[in-house]
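See below for the structure under consideration.
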There are 2 protein chains.
Amino acid sequence: MPAMARKFNASQQAMIHLIATMGPLSRTRLARALGVGKPALTALTRTLIEAGIVLEAREEAEEPRQGRPSMLLAMNPDYGYFAGVSITLEQPVLVLVDLVGHVTARVELPFSRDPDTVAAQIAEGVDVLIAEAGIPRERLFGIGVAVSGLVDAGHEICLNSTHLDWHNIPLARLIREKTGLPAYLENDAKTAATREKLFGEARILDDFAVVTIGDGVGCASFIDGKLRRGHNGGAGEIAHTTVETGGRPCKCGKRGCLDTVAAPGAILHDARGAGLKVATIAEIEHLAARNDPVALDVLHRAGATLGAVIAHLVQVNDPEAVFVIDTSAAIGTLIRTLIQQTVGANVLPDMGATLRLTFSRVSGDFWSQTAASVAAHKFFVPD
Amino acid sequence: MPAMARKFNASQQAMIHLIATMGPLSRTRLARALGVGKPALTALTRTLIEAGIVLEAREEAEEPRQGRPSMLLAMNPDYGYFAGVSITLEQPVLVLVDLVGHVTARVELPFSRDPDTVAAQIAEGVDVLIAEAGIPRERLFGIGVAVSGLVDAGHEICLNSTHLDWHNIPLARLIREKTGLPAYLENDAKTAATREKLFGEARILDDFAVVTIGDGVGCASFIDGKLRRGHNGGAGEIAHTTVETGGRPCKCGKRGCLDTVAAPGAILHDARGAGLKVATIAEIEHLAARNDPVALDVLHRAGATLGAVIAHLVQVNDPEAVFVIDTSAAIGTLIRTLIQQTVGANVLPDMGATLRLTFSRVSGDFWSQTAASVAAHKFFVPD
DNA sequence: CAGGTTTTGTTGCTTCCGAAAACTAAAACG
DNA sequence: CGTTTTAGTTTTCGGAAGCAACAAAACCTG
């Protein structure tokens, strides 16, 4: 295990990407998938195996097949690690994930909103993290940071986060200076999409969208295998799309934004405004299941609106799949059904027929994991 | 001028693309723009000049500059031609455009909606076209066909056109068989976007959207330099986005689609339904300019709705520019202003500040020109 | 159980592409 | 009339990938 080269050429990167996404593969199948000859694979794999990033293992065939058994190539999870942290208004958690996306260590950081303090605490946290995991510092390849807001193209500066009240904060530079590690900033919805592409169900997809339901509604897309950032890094910022002209005032200054209708807090606010005594959205769902008309109405509004926005998104980009990721236990059966129905009814039938619309509920250190995925993505696919 | 090779490798294609989009360029500047060394250019340009696709011309410097003057490389417009035709419910026009997008001949075809007849008439039209232009048949590199509806990924089959009542019509094959030319089918909004990218203002842009106002509303995007087709070829199909729940019934079977609010026919319908005696949208604009409240209301509805949809589109993909192309003299000053205002008000300020939103009015053989652009695009960038 | 078959992966050899350095060409400057 | 500056070319070299033949490791057959 020599000190990692860290610089792989294009073909090697393509191979790493394939192995990472398609699981363990034989050289021959890799060659086919990559569209190159077998001899190329011999040379390529040799360097990767020598570098230690790829492991070779004999295939354990269930049923005996003819011919020489293949040697499977798989990622070496222990080759390197990435740290990740999500900066919100809550106590941040710094996590360490390995090359295949598994969390191997975590450490809770003190809360702060001052950029310098945040960077300093992350730097201290990194030391704790690698000590806890028992890995040499050189194996930590980078750190990803998720923020809710706009981030520049270089993953360097938080241009604008109303949530944190940050404007042009070069957080990545601060962290890099204090930790000596490559640091990458990214919008939280985009980190979630990156995780889905790198380690989640979307590994084999080139065109998909992710919609996150957390404090607010977030959205990001992979298009043609690349994360869509947009000309200003604002692609996917649907939270402040106007969905009700003259609707309720939003933090952003406008009225009737999606966030004022479909964000978990907004749903609760609606329910209480309509006279329901509820503390969680689950309770609203519970009431709705008993045909409480007010509860039904509240959930209907949220689900139908969210569904309409997703439908629009689908019509604009025609993705292969949309992943709705619920990080705050807000999407119950009813809202889910409503989203599905609304999307089905508002998307061209030819498109709706093949669209995969899946829901998942996550919790815990999810956002920090997604942040780590950004560092991993930078490592796997630098440009 | 040997018979055209027609097959250029990747580097040559990249060079052709650069020369076509960036205008006449010296070898040195091409090398910089292409990110390759100067020596590569020498070999590349030689083959292209020998093939006849690129012309060399001495630079005419206005002000004397130091150093050896550069030899400018420019496309040879006469190297090849492309035919294009748009199939609608009106009489089709077949046009011939050269390598830089100029129309050099046109011929009107009989109207038909039967695929075989259409193909046969196009084949006859092609003969007339090349005779009229006086070019050898080998110089006609392909033919593009615009249809309003869904087209498969191979540009071969019209999967679905409610407009023409076509389903799974392999029109490209029919035309190819009857003309012996490469034939490419494409959705009309996407042909318009392709023209904008290849020959229009968007040549230097990698991320932009085109919204067409013709019989209905169309939309297509270039993302990362590539036309966005989507998983089902339906990217950009916003005409049937629901914008008014329970709105007027649409041809598509749903209610309240964008087409029932913002399509030129819908605007006229609205105006007449509200009691205005008008024959054109210009007349409505005229009335509105005199503060006719009904006319103002009608135009406001259309403009604000269109603006909201464009705003959503911008938030989803964050393009550098949006080109609104009016092919039916429907977008007057008032609607234009309303669109601008609505987009400005509904897009994140950071994004709205840099967004270019431009309007243009076209007529005549526009759609056929755009169709020809698709054949040109296939020639320049086959894959 | 020996030899054929089938599939996997490797070793040379060749070819192609493109980058770096050094060179030539053509203009303005003084 | 040399010097400087920029443009373009020639030469040389190294890396990457293809083809073909070869070696390895399993199964199948008689």
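These values consider heavy atoms only, across backbone and side chains, with no hydrogens, waters or symmetry-generated copies. Order of the sequence lines fixes the chain letters, A, B, ..., with proteins taken first and strands second; residue numbering starts at 1 for each chain.
- Distances shown here put every side-chain N or O of B:T28 at or beyond 4.0 Å from the OP1 or OP2 atom of D:dT6.
- With DNA chain C read from its 5' end, the first of the two nearest nucleotides for B:P39 and A:E56 is the one closest to A:E56.
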Please write out each protein N/O paired with an N/O of nucleotides 27-30 of chain C under 3.5 Å, distance rounded to 0.1 Å.
| from | atom 1 | to | atom 2 | distance (Å) |
| --- | --- | --- | --- | --- |
| C:dA27 | OP1 | B:R58 | NH2 | 2.3 |

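- Going from atom CG of A:L34 over to atom C1' of D:dG18 covers 14 Å, rounded to whole Å.
- Distance CG (B:L72) to P (D:dT6): 17 Å, rounded to an integer number of Å.
- In this structure, A:R32 atom CZ and C:dG9 atom C1' are separated by 13 Å, rounded to whole Å.
- Among the nucleotides D:dT9, C:dT10, D:dA16, the one closest to any side-chain atom of B:T42 is D:dT9.
- Atom NZ in B:K38 sits roughly 17 Å away from atom P in D:dT11 (whole-Å rounding).
- The two residues A:F380 and A:M75 come nearest to each other via the heavy atoms CE2-CE, 3.7 Å.
- Here the two rings, on A:Y184 and A:F379, have centers that are 6.0 Å apart or farther.
- Taking 4.5 Å as the limit, every side-chain heavy atom of A:L55 sits out of range of all side-chain heavy atoms of A:L73.
- For the pair A:E320/B:N232, no side-chain contact is recorded, criterion being any heavy-atom separation below 4.5 Å from C-beta on.
- Ion pair A:D224/B:K226 flagged as a salt bridge, since at least one NZ, NE, NH1 or NH2 atom sits closer than 4.0 Å to an Asp/Glu carboxylate oxygen.
- The residue B:R46 sits close only to the backbone: its heavy atoms come under 4.0 Å of sugar-phosphate atoms, none of a base.
- Taking 4.0 angstrom as the limit, A:S11 places none of its side-chain polar atoms (N or O) nearer than this to OP1 or OP2 of D:dA16.
- Atom-to-atom, CG of A:L44 to P of D:dG18 comes out at 10 Å; the value is rounded to the nearest Å.
- OP1 or OP2 of C:dT8 has not a single side-chain nitrogen or oxygen of A:S70 nearer than 4.0 Å.
- The shortest distance between side-chain heavy atoms of A:L198 and A:R203 does not fall below 4.5 Å.
- For the pair B:R27 CZ and D:dA7 P, the computed distance is 12 Å after rounding to whole Å.
- Among residues two or more places apart in sequence or in another chain, the ring-ring contact (aromatic ring centres under 6.0 Å, His included) test is passed with A:F222 by A:F208.
- Atom P of nucleotide C:dG18 and atom CG of B:L41 are separated by 11 Å, given to the nearest angstrom.
- In this structure, the CG atom of A:N9 is 18 Å from the P atom of D:dG14, given to the nearest Å.
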